Protein chains: 2
Amino acid sequence: MRHLIALDAVATTGTFGRAAVLLGYTQSAISQQIASFERLVGAPLFDRPGGPRPVTLTPLGERLLEHARVLLDRVEATSRDLDEFQHGATGRLRIGTFESISTGLLPQIVRQLLSERPQLDIELVEAFEDDKLVDWLRAGTTDVSFFIGNNGEPGEFETVHLKMDPYVVVARADSVGDGPIGADDLVGVPLVGEHEGSCHKRVNEGLLAMGVQPRYVFRSRGNGAVLAMVRAGMGMAVMARMAIDRDDPELAIRDLDPPITPRDVRLAWRAGRTLSPVAQRLVDIALEVCDQPQPSTALAS
Amino acid sequence: MRHLIALDAVATTGTFGRAAVLLGYTQSAISQQIASFERLVGAPLFDRPGGPRPVTLTPLGERLLEHARVLLDRVEATSRDLDEFQHGATGRLRIGTFESISTGLLPQIVRQLLSERPQLDIELVEAFEDDKLVDWLRAGTTDVSFFIGNNGEPGEFETVHLKMDPYVVVARADSVGDGPIGADDLVGVPLVGEHEGSCHKRVNEGLLAMGVQPRYVFRSRGNGAVLAMVRAGMGMAVMARMAIDRDDPELAIRDLDPPITPRDVRLAWRAGRTLSPVAQRLVDIALEVCDQPQPSTALAS
DNA sequence: CATTAGCGATCACGATAGCTAATCAGTACC
DNA sequence: GGTACTGATTAGCTATCGTGATCGCTAATG
């Protein structure tokens, strides 16, 4: 390595002495470096004419110099890229997420992250079930992942709590009064909701706990479709608050009474694995956006 | 450099100890190397879970490893290319030459050289005047050059004598008898020959020294054209023996009497400059082809 | 629950490599 | 023939890098 730099310097300056000054060494050091390099390759790299004439590269030296410059450039590029990476300016970030989070939380976070670091390569991987997210995170398919509560083997993941996301009732604005919706209001009422999946399971269990046997008249994987059906008058929906992305005067959003246990929205990564600078920043931004204190050391799962 | 190798080995084996075995070090050495590398980049490269579990790369380490592998590959490639270059298997060789030499001498030399080293990149640069060849060789446009006699500043070039190339008369076979051609045979005879140039100058001076005032009826830069004109009966030609590339029953080749001083064909290169392996081999082959002894140390110009 | 095995970190120590400083030796130029 | 500019060489110091032994940690074992 030092050899390559010395070779370049001598070839450029034409003189051992000037190369030494350039590199902050003494002439002796350069002489020894070149000599050692020549011993290494087994042949002279410079013709030394003697006297006050500049040294010149041998054909071998010339050939080696070409390679040396390529290598030095590469090293330089590596150093620059690593710096950028460490400062979080570049990097890839694969995020595991649910649709509701992609709708109600991620956009703010991603917008902030991208405004700070426009060159980032962000990849979202959406799942309908917790297990998928766990598998992906475990396998390294995702770098960080949103979780509902804690998942995986104990100690396998590290997580931070972002916010509690309540389940609410969504109905046409003209079909409900003010105030929370009780169990009575839901019995026998036609419902629209999600297809099978972790989210739906939680809603379903919650309703059953309330004593309501839900009657679904439409199911979809897309929250947008569900809301559209509510808007169209197909029925009410019980869904995570976060999945409703915009204020819609046609729709009324009401609390449940008694409420279904809200979702514990967390951000998770593999325990004991260093987060990349961008992932670290993502966590911080997520905490900011959710108004959570930033634990200096993230809580264990 | 060592750092990169260690990084690669640890990442591959998953363990400091196995990496050490792989590289012929002790575990302690690897541990210190990685630690020093981490100090250099300012952040951990591996997550060490502790206990009998393998270490894993941090995101930074992964990124660095990609660069490291590219660099190591390049170093490997450099080493291979240099080996080949030193053995003369690869390399570029730019040869300064005259047309007559390109015709009568070079083909044998180049054929031999290429049969030994098929991958060579040989470039011929043809000149019509000595000065051009001198300039090119001085400037490094050519690596080696054919010279007629010695040229350039004294001590500027190193040369070896290849052969003496006599000047001969070429005529239609049916237009001359046996035996050498004397001055009387040439007086007033129509001649074909070269255009201005170093070769032609020597012929012209030779003829004048013989007492012959040459009468040119055709001149060309191409020896082939000259010979064709002789064959066509335009006249005789006085030219270097070497410029006649093949036996042609239509043509008779006769000595001059008195002869013009033959050309001293030499191979030259810049004095004090190491020859590339292929150039060195070219010199040797040229000497072989010309039946010259090979001086272990080439004669000074 | 104590034991064991496998892992990396650390320390002291010796060898080596790499630098400086001073000097030597060759060559061109005045 | 001196002078000035080269690179080479030598001795000596120092920082680096390797080894070997040891320590501390954790998962797996019985």
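Quick caveat: nothing in here was measured; it's all calculated off a predicted structure. Both backbone and side-chain heavy atoms feed into the values below; hydrogens, waters and symmetry mates do not. Within every chain, numbering begins at 1; the chains are lettered A, B, ... in the order of the sequence lines, protein sequences first and strands thereafter.
With D/dT9, C/dG8, D/dA8 as the candidates, the nucleotide lying closest to the side chain of A/Arg48 is D/dA8. Checked against C/dA9, D/dT6, D/dT9, the side chain of A/Thr15 finds its nearest nucleotide in D/dT6.
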Give every donor-acceptor pair under 3.5 Å between a side-chain atom in residues 47-73 of chain A and any protein atom, sequence neighbours left out.
from: A/Asp47; atom 1: OD1; to: B/Thr274; atom 2: N; distance (Å): 3.2
from: A/Asp47; atom 1: OD1; to: B/Thr274; atom 2: OG1; distance (Å): 2.5
from: A/Asp47; atom 1: OD2; to: B/Thr274; atom 2: N; distance (Å): 2.7
from: A/Arg48; atom 1: NH1; to: A/Glu38; atom 2: OE2; distance (Å): 3.2
from: A/Arg48; atom 1: NH1; to: A/Phe46; atom 2: O; distance (Å): 3.0
from: A/Arg48; atom 1: NH2; to: A/Glu38; atom 2: OE1; distance (Å): 3.1
from: A/Arg48; atom 1: NH2; to: A/Glu38; atom 2: OE2; distance (Å): 3.3
from: A/Arg53; atom 1: NE; to: A/Gly50; atom 2: O; distance (Å): 3.2
from: A/Arg53; atom 1: NH2; to: A/Pro49; atom 2: O; distance (Å): 2.7
from: A/Arg53; atom 1: NH2; to: A/Gly50; atom 2: O; distance (Å): 3.3
from: A/Thr56; atom 1: OG1; to: B/Arg273; atom 2: NE; distance (Å): 3.1
from: A/Thr58; atom 1: OG1; to: A/Pro44; atom 2: O; distance (Å): 3.0
from: A/Thr58; atom 1: OG1; to: A/Leu45; atom 2: O; distance (Å): 3.2
from: A/Thr58; atom 1: OG1; to: A/Gly61; atom 2: N; distance (Å): 3.0
from: A/Arg63; atom 1: NE; to: B/Asp81; atom 2: OD2; distance (Å): 3.0
from: A/Arg63; atom 1: NH2; to: B/Asp81; atom 2: OD1; distance (Å): 3.1
from: A/His67; atom 1: ND1; to: A/Arg63; atom 2: O; distance (Å): 3.4
from: A/Arg69; atom 1: NE; to: A/Asp8; atom 2: OD1; distance (Å): 2.9
from: A/Arg69; atom 1: NH2; to: A/Asp8; atom 2: OD1; distance (Å): 2.8
from: A/Arg69; atom 1: NH2; to: A/Thr12; atom 2: OG1; distance (Å): 3.4

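The distance between atom CG of A/Asp47 and atom C1' of D/dG7, rounded to the nearest whole Å, is 13 Å. As rounded to whole Å, 14 Å separates atom C1' of D/dC17 from atom CD1 of B/Ile34. If you measure from atom CE of A/Met1 to atom P of D/dT16, you get 18 Å, rounded to the nearest angstrom. Across the protein-nucleic acid pair, B/Arg39 atom CZ and C/dA9 atom P stand 11 Å apart, rounded to whole Å.
Within the model, atoms CZ of A/Arg2 and CD1 of A/Ile30 stand 10.5 Å from one another, a figure rounded to the nearest 0.5 Å.
The phosphate of C/dG8 (OP1 or OP2) has no side-chain N or O of B/Ser31 nearer than 4.0 angstrom.
Residues in residues 128-153 of chain B take part in these ring-ring contact (aromatic ring centres under 6.0 Å, His included) pairs, two or more places apart or across chains: B/Phe147-B/Phe157.
Map A/Ser28 and B/Pro54 each onto its nearest nucleotide of DNA chain C; the residue landing nearer the 5' end is B/Pro54.
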Q: Give the intermediate values and the outcome of side chain to side chain contact (heavy atoms under 4.5 Å, CB included) for residues B/Ile101 and B/Arg263.
A: CA-CA 11 Å; B/Ile101 292 171; B/Arg263 303 197 298 173; 4.3 Å; yes
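The salt bridge (charged side-chain N to carboxylate O under 4.0 Å, His left out) search around B/Glu116 returns B/Arg281, not counting sequence neighbours. With sequence neighbours excluded, the residues forming a side chain to side chain contact (heavy atoms under 4.5 Å, CB included) with A/Ser36 are A/His3, A/Arg39, listed by chain and number.
Salt bridge absent: A/Asp130 and A/Lys201 never bring a charged side-chain N and a carboxylate O closer than 4.0 Å.
Inspection of the B/Arg18 and B/Thr13 side chains reveals no N or O donor paired with an N or O acceptor under 3.5 Å.
When atom types are taken as modelled, the side chain of A/Gln280 and the backbone of A/Gly88 share no donor-acceptor pair closer than 3.5 angstrom.
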Q: Any chance you could list the contact pattern along nucleotides 22-30 of chain D? Use B for base contacts, S for sugar-phosphate-only contacts and - for none, protein heavy atoms under 4.0 Å, 5' to 3'.
A: ----BS---
Could you run down the sub-3.5 Å N/O contacts of the protein with nucleotides 15-19 of chain C?
from: C/dG18; atom 1: OP1; to: A/Arg2; atom 2: NH2; distance (Å): 3.4
from: C/dC19; atom 1: OP1; to: A/Gln33; atom 2: NE2; distance (Å): 2.9
from: C/dC19; atom 1: OP2; to: A/Gln33; atom 2: NE2; distance (Å): 3.2
from: C/dC19; atom 1: N4; to: A/Gln32; atom 2: OE1; distance (Å): 3.4

